[in-house]
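This report concerns only the one structure given below.
This chain uses plain numbering: 1 for the first residue, then up along the sequence.
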Amino acid sequence: MNHGQSRVRWRVLGTVFSVACLAWIYGGILLAQSEQVVEVTIKDFRFVTKQDTLRLGFPTVIKVRNEDAERHDFSSTMFEGIPTQIEKDGVVVYGRGVGGIFLGSKQEATIRFDMTRPGRHVFRCSIHPTMSGELLLLSAEAV
């Protein structure tokens, strides 16, 4: 192989490597953007929810933070029967039929699952029955 062929081969390899790196970087960004995030703050014995429009079949992340001095529970039937991942205090738990999670004062947790069922999904605190909130997920056909 002569010097010119070697240079062309390195140029092609460099281009392929650059395209692969860009695909990896932008692929990660697109994956992160496809995740739906719902922020739930527990404050003054209320659930305060911040979210965008939720879509069926997309990975969903619920970030719950307890800003009260009291212990609270974040529970819902929306997780029943579907694979769910909960991360709290550096521990990750996987399961189906997860009912919810208890949070002490100033604790937070992240719940990951795929939104698969349209409708009104209520969540509540089993310790304080007057506390409740909801997520509304409409399918495209329902709109």
Residues which pass side chain to side chain contact (heavy atoms under 4.5 Å, CB included) with E67, listed by chain and number, not counting sequence neighbours: T41, K43, R65, K106
Shared-cluster residues of V122, by chain and number - hydrophobic side chains joined below 4.5 Å: none
Cluster overlap V37 with M78, hydrophobic side-chain contacts below 4.5 Å: no
Selection residues 48-67 - residue pairs positive for ring pair (Phe, Tyr, Trp, His ring centres under 6.0 Å), sequence neighbours left out: none
Student check: side-chain heavy atoms of Q107 and R71 closer than 4.5 Å: no
Validation row: D114, T60 side chains within 4.5 angstrom (heavy atoms): no
Sequence-distant partners of E39, salt bridge (charged side-chain N to carboxylate O under 4.0 Å, His left out), two or more places apart: none
Plane angle bin for F113 and F79 - parallel if under 30°, tilted between 30 and 60°, otherwise perpendicular: perpendicular
Test item: T110 and V61 side chains (from C-beta on) under 4.5 Å apart, heavy atoms: yes
For I101 against A109, the heavy-atom pair lying closest together: CD1-CB, 3.7 Å
ILVMFWY cluster membership beyond V92 - transitive side-chain contacts under 4.5 angstrom: Y94
Contacts under 3.5 angstrom, residues 123-133 side chains, donor-acceptor by atom type, not counting sequence neighbours:
residue, atom, partner, partner atom, Å
S126, OG, D73, OD2, 2.8
H128, ND1, H72, ND1, 3.1

Side chains of S105 and D68 in contact at under 4.5 Å (non-hydrogen atoms): no
Side-chain (K88) to main-chain (F102) donor-acceptor, under 3.5 angstrom: yes
